[in-house]
Amino acid sequence: MKLVVTGGAGFIGSNFIRHVLAAHADDSIVNLDKLTYAGNLKNLADVTDSPRYRFVHGDVCDAKMVRDVLRGADAVVNFAAESHVDRSLVEPDAFLRTDVFGVFTLLEAVRELSIPRLVHISTDEVYGSLATGSARESDPLRPSNPYSASKAGGDLLALAYWQTHRVPVVVTRSSNNFGPFQYPEKVIPLFITNALDDQPLPLYGDGRNVRDWLYVVDNCTALDLVLRKGKDGEVYNIGGGHEVENIVLTRDILRLTGKPETLIRPVKDRPGHDRRYSVDSKKVRQLGWTPKHPFGKALETTVAWFREHEAWWRPLKSGELKAWYRQQYENR
Ligand SMILES: NC(=O)c1ccc[n+]([C@@H]2O[C@H](COP(=O)([O-])OP(=O)(O)OC[C@H]3O[C@@H](n4cnc5c(N)ncnc54)[C@H](O)[C@@H]3O)[C@@H](O)[C@H]2O)c1
């Protein structure tokens, strides 16, 4: 299969590229990425020289360039997005541009070039906060921040292109991912790297918000399955099946890094902070997927990875990210 992966230099995309190249000897991949602050070619250093892999620097909003790259592809998998909720509160423009208009540009190209499959990566956050139960794919979308609203826009547009033009899209809505190569602005790598440096762990509100954690390697096997076996026009939830309160997660990280709980620093909650996400993953499980990595073991592996890859994360934390966090937290 000739694949185009967009946003493949980010966290999940780079893990997905590595997974596909290892699992499918006949597949080749073109990775189209704008290399925003979150895109990092070091994430793919081990596959850069593969004859089955090629990188193209570009923006999914650039219609001409997207058409040139997509021509002849068997499938497109779209990871390209602005992905950090906190940033969407202060600079939402980029989110609307990439997470909505970028999806539109891809849909138009897939339609024009009659590409047989587009997997669009959405998120469980589009369902909004759930007090009880788990969201089914047919449930209404109730996003509550500019990130999830932009993602809902792209997600619904993709489904509308199936309804209107029969563009063969499949949408995935996965829960919070964690694992190697996650940019250290997201809670798990932020807390691990802060703890390793004996820095405070800024915990929002009362710490009781619940997320359903999914190890990125398990997500990649689900996405690969949906790419090959998913049905056109369908949505697939992908949940890790491990719901945990942030405070419990924080204590787990401190235990695994061997650091004291005095590092926990409660900070004012962010506006529109959804209390709980939860998805029902029956549909993707019926396709044949099961997560293979229990949460505790996967978190341990992730902590070990960050311990061993300081050269990867330290430069990311010392520049742009440091300035960003100083600006966000200095008044809390
Ligand atoms: N991380 C999670 O927990 C999670 C959970 C559910 C869904 N998702 C979705 O999965 C996808 C990937 O998430 P991630 O955590 O790997 O994100 P990430 O921020 O690590 O990576 C995003 C990638 O997209 C690229 N990109 C951004 N704008 C672009 C543009 N205009 N054109 C081309 N490339 C562009 C960036 O350079 C980066 O490489 C996103 O669509 C996100 O919404 C993430």
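Quick caveat: nothing in here was measured; it's all calculated off a predicted structure. If you read the sequence from its start, that first residue is 1, and numbering goes on from there. First listed ligand is number 1; within each ligand, the first listed atom is number 1.
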request  = Could you tell me which residues satisfy ring-ring contact (aromatic ring centres under 6.0 Å, His included) with Y161, sequence neighbours excluded, listed by chain and number?
outcome  = H165
Derivation and outcome, salt bridge (Lys or Arg N to Asp or Glu O under 4.0 Å), residues R67 and E112 = CA-CA 9 Å; R67 272 174 187 68; E112 188 186 304; 2.6 Å; yes
Ligand 1 polar-atom proximity to protein (N/O, under 3.5 Å):
{"unit_1": "ligand 1", "atom_1": "3 (O)", "unit_2": "N177", "atom_2": "N", "d": "2.8"}
{"unit_1": "ligand 1", "atom_1": "16 (O)", "unit_2": "F11", "atom_2": "N", "d": "3.3"}
{"unit_1": "ligand 1", "atom_1": "16 (O)", "unit_2": "I12", "atom_2": "N", "d": "2.8"}
{"unit_1": "ligand 1", "atom_1": "17 (O)", "unit_2": "S83", "atom_2": "OG", "d": "3.2"}
{"unit_1": "ligand 1", "atom_1": "19 (O)", "unit_2": "S83", "atom_2": "OG", "d": "2.6"}
{"unit_1": "ligand 1", "atom_1": "20 (O)", "unit_2": "F11", "atom_2": "N", "d": "3.0"}
{"unit_1": "ligand 1", "atom_1": "31 (N)", "unit_2": "D59", "atom_2": "OD1", "d": "2.9"}
{"unit_1": "ligand 1", "atom_1": "31 (N)", "unit_2": "T98", "atom_2": "OG1", "d": "3.1"}
{"unit_1": "ligand 1", "atom_1": "32 (N)", "unit_2": "V60", "atom_2": "N", "d": "2.9"}
{"unit_1": "ligand 1", "atom_1": "34 (N)", "unit_2": "K34", "atom_2": "N", "d": "3.1"}
{"unit_1": "ligand 1", "atom_1": "37 (O)", "unit_2": "D33", "atom_2": "OD1", "d": "2.6"}
{"unit_1": "ligand 1", "atom_1": "37 (O)", "unit_2": "L35", "atom_2": "N", "d": "3.4"}
{"unit_1": "ligand 1", "atom_1": "37 (O)", "unit_2": "T36", "atom_2": "N", "d": "3.0"}
{"unit_1": "ligand 1", "atom_1": "37 (O)", "unit_2": "T36", "atom_2": "OG1", "d": "3.2"}
{"unit_1": "ligand 1", "atom_1": "39 (O)", "unit_2": "G10", "atom_2": "N", "d": "2.9"}
{"unit_1": "ligand 1", "atom_1": "39 (O)", "unit_2": "D33", "atom_2": "OD1", "d": "3.3"}
{"unit_1": "ligand 1", "atom_1": "39 (O)", "unit_2": "D33", "atom_2": "OD2", "d": "2.6"}
{"unit_1": "ligand 1", "atom_1": "41 (O)", "unit_2": "F79", "atom_2": "O", "d": "3.2"}
{"unit_1": "ligand 1", "atom_1": "41 (O)", "unit_2": "K151", "atom_2": "NZ", "d": "2.7"}
{"unit_1": "ligand 1", "atom_1": "43 (O)", "unit_2": "Y147", "atom_2": "OH", "d": "2.6"}
{"unit_1": "ligand 1", "atom_1": "43 (O)", "unit_2": "K151", "atom_2": "NZ", "d": "3.1"}

Hey, can you pull the donor-acceptor pairs under 3.5 Å for the side chains in residues 17-26, sequence neighbours left out?
{"unit_1": "R18", "atom_1": "NE", "unit_2": "D46", "atom_2": "OD1", "d": "3.4"}
{"unit_1": "R18", "atom_1": "NE", "unit_2": "D46", "atom_2": "OD2", "d": "2.9"}
{"unit_1": "R18", "atom_1": "NH2", "unit_2": "N43", "atom_2": "O", "d": "2.3"}
{"unit_1": "R18", "atom_1": "NH2", "unit_2": "D46", "atom_2": "OD1", "d": "3.2"}
{"unit_1": "H19", "atom_1": "NE2", "unit_2": "D224", "atom_2": "OD2", "d": "2.9"}
{"unit_1": "H24", "atom_1": "NE2", "unit_2": "D224", "atom_2": "OD1", "d": "3.3"}
{"unit_1": "H24", "atom_1": "NE2", "unit_2": "D224", "atom_2": "OD2", "d": "2.6"}
{"unit_1": "H24", "atom_1": "NE2", "unit_2": "R228", "atom_2": "NE", "d": "3.3"}
{"unit_1": "H24", "atom_1": "NE2", "unit_2": "R228", "atom_2": "NH2", "d": "3.4"}

inquiry  = Quick check with a 6.0 Å cut-off and a 45 degree axis cone: is R314 positioned over the face of W312's six-membered ring?
reply    = no
key: Passing option when R276 is tested against E125, E243, E245 for salt bridge (charged side-chain N to carboxylate O under 4.0 Å, His left out)   = E243
message = Using the salt bridge (charged side-chain N to carboxylate O under 4.0 Å, His left out) criterion, which residues pair with R52? Sequence neighbours excluded.
response = none
